[in-house]
Structure formats: structure tokens, C-alpha cells
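All values reported here derive from a predicted model rather than from experimental measurement.
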Amino acid sequence: QVHVVESGGGLVQPGGTLRLSCAASGFLFSRSTMYWYRQAPGKERELVASIGSAGSSTNYADSVKGRFTISRDNAKNTVYLQMNSLKPEDTAVYYCKAREPVFRNEYWGPGTQVTVSS
């Protein structure tokens, strides 16, 4: 069975930090591109960051560049999103997605809530 599960969300004040984790199992994680998306209330889901299978290739949305860092540990089948200098506009449900090679399957986690508020 394929499982993709996010954790680490919560309530934080503006300027604070959070680190999200995404634990994966049941597929070839080490060869999969990993993504973080987010969706704020009433808005479309947007791509926040991505990381290649080897961990050297990363991409970020303009809105989070310089503040967020995506990383992965293939030995632990886990991808992370370090979020610094959080702003109220970062408030959203954050989703982890895997894209597996060969069959190009995509797997989504259920999401974790991040709320930035004073």
C-alpha cells in the first residue's frame, strides 16, 4: 500500500518557523520527484517547491524564495519543507506529492494545516 503522510503543521506567529515532514512508503521513493503544494481558503492549489530524486535540483515559487527550503533524506523516505520568516499569507493546507518514474504514478498526502497569525 502506498502512503504519503505530512506532519509538522500548526499555529505560528508571523516571523516564526515550522518544519514540515512528509513520510512516504510503498513506492520507489528514491527515484521519485517530490513536491510541496499549498492551498489557501478560496484559492487554487499552488506549487511551492520541488526536489529531484538525487536532492540536488530544487525549485521554488517566487513567493517563498529565500524563506523556504526543501530537502530530502532518501534513506528515511522523507522529504522536508523548512519554513522561515512565516507570513500570514503563508496560511494554507500544505500537501506533499510524489511522482514516481517508469509508470509516472502520482501520490498525494492528505495535507497538514499551517496557520500564521498573531
- Message: Has Asn74 got a side-chain atom pairing as donor or acceptor with Ser53's backbone, closer than 3.5 angstrom?
- Response: yes
- Query: Has the side chain of Glu6 got a donor or acceptor atom that lies under 3.5 Å from a matching backbone atom of Gly111?
  - Reply: yes
Do you reckon [X] sits in the same ILVMFWY cluster as [Y], going by side-chain contacts under 4.5 Å, direct or chained?
X	Y	value
Val64	Leu81	yes
Tyr107	Ile70	yes
Leu86	Trp36	yes

Result block: side-chain N/O donor-acceptor pairs under 3.5 angstrom for residues 12-23, not counting sequence neighbours:
none

- Message: Tell me every residue that passes salt bridge (Lys or Arg N to Asp or Glu O under 4.0 Å) with Arg67, counting only those two or more places apart in sequence or in another chain.
- Response: Asp90
- Taking the side chain as every heavy atom from C-beta outward, state whether Met83 and Val116 have any atom pair closer than 4.5 Å. no
Spacing of [X] atom [atom1] and [Y] atom [atom2] [to the nearest 0.5 Å]:
X	Y	atom1	atom2	value
Ile51	Thr33	CD1	OG1	9.5 Å
Arg45	Tyr95	CZ	OH	4.5 Å
Asn59	Leu47	CG	CG	8.0 Å

Minimal non-hydrogen separation, [X] against [Y], with atom names:
X	Y	result
Val48	Tyr94	CG2-CE2, 4.4 Å
Val114	Gly9	CG2-CA, 4.2 Å
Ser63	Arg38	OG-NH2, 3.4 Å
Gly26	Val2	O-CG2, 3.4 Å

- Determine which pairs satisfy side-chain hydrogen bond (donor to acceptor under 3.5 Å, both in side chains) with at least one residue from residues 108-118, sequence neighbours left out, and list them in order. Gln113-Thr115
- Pairwise ring-ring contact (aromatic ring centres under 6.0 Å, His included) hits with a residue in residues 57-89, at least two apart: none
- Sequence neighbours excluded - salt bridge (Lys or Arg N to Asp or Glu O under 4.0 Å) pairs with any residue from residues 99-118: Lys97-Glu106
- Under the side-chain hydrogen bond (donor to acceptor under 3.5 Å, both in side chains) test, residues paired with Lys65 that sit two or more places apart: Asp62
